[in-house]
2 protein chains.
Amino acid sequence: MGQPLSSSGNDGPDIRILDAAERLFMEHGYEATSTRMVTRDAAVNLAAVNYYFGSKEGLMQAVLRRRLDWLNRERLHLLDAAETEARGAPLKPSLIVDYFFGTLLRMGARPETGGQTFQRLLGRTHTEPAAFISTFLASEYADVVNRYKSALCRALPDVPREEIVWRFHFMLGATAYAITGTDSLQLITDWKMEEDVQVQAQKLLARLMSFLLGGLRAPLPQSRSA
Amino acid sequence: MGQPLSSSGNDGPDIRILDAAERLFMEHGYEATSTRMVTRDAAVNLAAVNYYFGSKEGLMQAVLRRRLDWLNRERLHLLDAAETEARGAPLKPSLIVDYFFGTLLRMGARPETGGQTFQRLLGRTHTEPAAFISTFLASEYADVVNRYKSALCRALPDVPREEIVWRFHFMLGATAYAITGTDSLQLITDWKMEEDVQVQAQKLLARLMSFLLGGLRAPLPQSRSA
DNA sequence: GTCTATATCATGATAGAC
DNA sequence: GTCTATCATGATATAGAC
C-alpha cells in the first residue's frame, strides 16, 4: 500500500488530516497538539482521526511513516548503487555523509516530500519523550542505520567502530538542530530575507557538510584508559 | 536571592518540588508532565506548585533558572579569566569550546549541580516547542552566547562571522544529542555497564571535544554565490 | 503557611443516528 | 463513510477552612 506523497489541492480526508497533523505536530509538538486542532485545520469531523488512524498515536505514526519510508528507501538505494559501482572498495566518507544527511536536507526544498515542515518535525521528533515514538523511530531506522554504520567503518578503517557510532550520533544532533529551525538561543539572527528557500537550503547543506565531515574525520581523542 | 544548588536530604517544600519537577520534566517533557505528578513525587500538597511558583510555567522557569544561572555565570568567569590573562591575544579555539561545552558536560558528574538529570533536561528543553521556553532560554543565554561568539571570531579570524554562528549552532546540536541520552535510533547500544559514571562522562567529553573542534576548524564550504 | 475541596475547562475516544 | 452528541477522565488553578 504505497502512501501518497503529494498534497496537491483537493485530496481525500485522510491526506488532509496527515497534512494538518504534520504542520501542527511540527509547530507545537506531539503532546501540545490536540486531535481537535487537527480536525479543525483539516476541515474534517472530530471523529475522523479515530476513524482513519485509530488513535492520536496512530496518527503520529502515520505522519512520520509517510515521509520516513520514502526517505530511508532513498538512502538505501543511493548506498546500494554506490557500493555496487565500487565493487567492494570502500566509499568516500563525504559520499556516505551526503547520502544520509544530504538526502534529508534536500527534502526540504521539495514540497512533494513534505518540504521544510517535515524536516522540522523530524528534527524535533528525535527528542520527543513519548516511548511509542522512540520505539517507532527505532524500527523505521534499524536497517538504514546499520548499513550506514558499516559503510562508515569500511570508509574509515583507522577509526574504531565505537567512535564511528558516537560520531554518527553527534552528526545526527548537529543535523537535527540545523533543520529544526528551533533557534531558542537566537544564534541565527542574520537571515537573508531576499534569498529564496532553494538558495538558503543549498548554503545550509554546504555548511553542514563541511562541519559534519570535519567532525567525522577529526583526530581521535587520546584515551587515558583504553 | 541566591538559589540553593544542593538537595541533600531534608529540604523545604520548594526545593523538593524543584527536584521532582526537574526529574519529571526530563523524563516526560514539559507538556506530558502534570503538576499532580510533581506534587505527588515531591510529597507536597496539590496546591503547593501554584503557591510557590505561581503556575506550571513558573515552575519550569524556576527549574531551569536554578541550574542555568550557575552554568552561565561559570562560563563567563572562565572566559573572563582567560581573556584577562591573554592580554588581548586571541584564545585557542579548543579552550573556548571547552569552557562553553565542557563546563556543561562536567556538570553531569556533579550531583550538586543537578547531575545527569539536568543535563538531559537541558538537551531536551532546547527543542521544546512552547514559546515561553524559547523566550526564557533566549534571555538566559543572551550575554554568554554573544561573548563566546566574539571570542570565537577572534580565535578564528579566517572564518567569517556568519560561519562561526552556524557552527556554534551545529556544536550545540551535537552536544544536546550527546547529553540527552535520547537515542531513539538506538545507535549507542554498547554501553559499558561496568564503568562508573565518572569514567563514562570523561570519555564522552573527550569524544565530543574532538568532534566539535574538527567541525569548527573544518575547511570552509566553497560558496557558489557569495 | 498548608491543606481540602472544588471550579472550570479541554482532552481522547466512542456510540449510534443518518 | 460521515456526523452529532456525549462520556469519562484528567488538566490547571483557586477559594476558603484551619
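Letters A, B, ... are given to chains in the order of the sequence lines, protein chains preceding strands, and every chain is numbered from 1. Atom set for the values below is all heavy atoms of this structure, side chains included, hydrogens, waters and symmetry mates excluded.
Residues B:Leu104 and B:Arg75 form a side-chain contact, since some pair of their non-hydrogen atoms from C-beta on lies under 4.5 Å apart. Looking at heavy atoms from C-beta onward, B:Val144 lies in side-chain contact with B:Tyr141 at the 4.5 angstrom threshold.
A heavy atom lying under 4.0 Å from DNA chain C marks none of the residues of residues 22-34 of chain B. Listed by residue number, B:Tyr51, B:Tyr52 are the residues of residues 50-58 of chain B with a heavy-atom contact under 4.0 Å to DNA chain C.
Ion pairing of B:Arg67 with B:Glu140 is absent here, as no side-chain N (NZ or NE/NH1/NH2) approaches a carboxylate O to less than 4.0 Å. Between B:Asp19 and B:Arg66, at least one side-chain nitrogen of the basic residue sits less than 4.0 Å from a carboxylate oxygen of the acidic one, meeting the salt-bridge criterion.
At distances below 3.5 Å, at least one donor-acceptor pair connects side-chain atoms of B:Arg16 with backbone N or O atoms of B:Ala43. With A:Gln119 contributing its side chain and A:Leu105 its backbone, the two residues share a donor-acceptor pair below 3.5 Å.
Here side-chain hydrogen bond (donor to acceptor under 3.5 Å, both in side chains) pairs that include residues 100-110 of chain B, with residues two or more places apart or in two chains, are B:Asp98-B:Arg106, B:Arg110-B:Glu112. Residues in residues 26-60 of chain B take part in these ring-ring contact (aromatic ring centres under 6.0 Å, His included) pairs, two or more places apart or across chains: B:Phe25-B:Tyr30, B:Tyr30-B:Phe132. Among pairs with a residue in residues 37-46 of chain B, those fulfilling side-chain hydrogen bond (donor to acceptor under 3.5 Å, both in side chains) read B:Arg23-B:Asp41, at least two apart in sequence or across chains.
Counting 5' to 3', DNA chain D first comes under 4.0 angstrom of a heavy atom of chain A and last does so at the ends given by D:dG1 to D:dT4.
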A:Asp196 and A:Val199: CA distance, side-chain angles, deciding distance, side chain to side chain contact (heavy atoms under 4.5 Å, CB included) verdict: CA-CA 6 Å; A:Asp196 65 32; A:Val199 176; 3.3 Å; yes
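The distance between atom CZ of A:Arg36 and atom C1' of C:dT14, rounded to the nearest whole Å, is 12 Å.
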